[in-house]
Each structure stands twice: as C-alpha cells, then as structure tokens.
Amino acid sequence: MNLRNLLTNEEIEIELKDVPLWKCEGNTLVREIVASDFPSAIGFVNAVAIVAESMDHHPDILVYGWNKVRIITSTHSAGGLTKLDFELAKKIDNLNFFK
Ligand code: H2B
C-alpha cells in the first residue's frame, strides 16, 4: 500500500480511532495543544519540525495566543488525507512532549 494514496472516508474513520487527540476538519487532520507557556509551545514546534523533516511530510503549524499550537496535516500531493498523515500524527503524539 502506498502511504501517499488518498484514504476513503471509511479508512479515515478507522485511522481516527488510533489518534484520539486529533480530529478531522475538511480534508485535514488537526490537533490543538495548549502549552504552559510560549517557550514550551516553541519547543514543541521544534520537536514536530524534526519529526516532519525526517518523514519528508510537513504539517502547517500555527502558534497563537502565546501558548497555543495548532497542527494541521494533509498530503498536498494527494489533495487530502493519507496514511502518512496518520503516521505523522502518531509520531507527534509519541514525542510525549506534554507529560
Ligand atoms: N508535506 C505534505 N504535508 N504533503 C506533501 O505532499 C508533501 C510534504 N510533499 N512534504 C513532499 C514534502 C514533497 O514535496 C517532497 C518533494 O517529497
């Protein structure tokens, strides 16, 4: 199975069960984080950047309201969600950055 193949709605529903911190918004996968402070939010963003670069799969990242981070992933080349987005989500969760 090609990781960059577009998933069906049924496949997305199944994948979502493995990433309860994430929700589907349109054709993207989103996680919202409230960090304790700005440096912590930025530290998280840096950790996500390293994971994303290692996968060659790059989410949109929004830092706002001094301590909030919104991670938005979709596969641009496929025009929607693929297995790669869920792999990225799991790797970000496994960082366990906010204990
Ligand atoms: N990130 C995301 N989110 N979607 C892509 O389709 C994508 C990417 N493509 N990172 C990668 C880079 C591609 O441009 C390179 C050439 O592999």
Side-chain angles (χ1 to χ4, degrees):
M1 177 205 186
N2 187 326
L3 289 177
R4 285 188 165 89
N5 281 351
L6 210 51
L7 296 175
T8 65
N9 287 343
E10 290 74 17
E11 288 167 332
I12 289 169
E13 288 308 317
I14 293 165
E15 292 287 345
L16 276 170
K17 294 189 204 304
D18 287 341
V19 287
L21 299 175
W22 296 73
K23 63 191 172 199
C24 212
E25 281 192 17
N27 59 0
T28 70
L29 189 62
V30 177
R31 182 176 164 192
E32 295 272 2
I33 289 104
V34 181
S36 53
D37 54 24
F38 187 70
S40 171
I42 298 300
F44 176 63
V45 168
N46 281 317
V48 169
I50 291 168
V51 168
E53 190 60 18
S54 77
M55 295 178 71
D56 190 32
H57 197 61
H58 306 93
D60 292 351
I61 303 175
L62 176 67
V63 180
Y64 65 103
W66 75 273
N67 68 339
K68 297 175 189 66
V69 184
R70 185 175 166 88
I71 307 283
I72 307 131
T73 182
S74 74
T75 303
H76 310 146
S77 57
L81 289 176
T82 67
K83 187 87 181 154
L84 210 45
D85 295 299
F86 288 93
E87 294 300 314
L88 175 65
K90 283 176 215 164
K91 285 196 180 183
I92 290 172
D93 290 351
N94 287 340
L95 286 170
N96 243 325
F97 196 87
F98 303 101
K99 289 159 192 111

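From a predicted model like this one, the values you see are computed outputs, not experimental measurements. Both counts, for ligands and for their atoms, begin at 1 and track the order of listing.
Under 3.5 Å, the side chains of W66 and D37 contain no donor-acceptor pair of N or O atoms. With no hydrogens or angles considered, no side-chain donor-acceptor pair links N27 and S74 at under 3.5 Å. With hydrogens and angles left out, the side-chain atoms of T73 and D85 include a donor and acceptor closer than 3.5 Å.
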Find all protein N or O atoms under 3.5 angstrom from an N or O atom of ligand 1 and list the pairs with distances, or write 'none'.
residue	atom	partner	partner atom	Å
ligand 1	1 (N)	H58	N	3.0
ligand 1	3 (N)	H58	O	3.0
ligand 1	3 (N)	S74	O	2.8
ligand 1	4 (N)	H76	N	3.1
ligand 1	4 (N)	H76	ND1	3.4
ligand 1	6 (O)	H76	N	3.2
ligand 1	6 (O)	S77	N	3.0
ligand 1	6 (O)	S77	OG	3.3
ligand 1	10 (N)	D56	O	3.3
ligand 1	10 (N)	H58	ND1	2.8
ligand 1	17 (O)	D56	OD2	2.3

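Hydrophobic clustering (side-chain heavy atoms under 4.5 Å, transitive across Ile, Leu, Val, Met, Phe, Trp, Tyr) keeps V30 apart from L62.
Residue pairs satisfying the side-chain hydrogen bond (donor to acceptor under 3.5 Å, both in side chains) criterion with at least one member in residues 44-54, sequence neighbours excluded, are listed as follows: E53-H58.
In this structure the side chain of I71 reaches within 4.5 angstrom of the side chain of V48, judged on heavy atoms.
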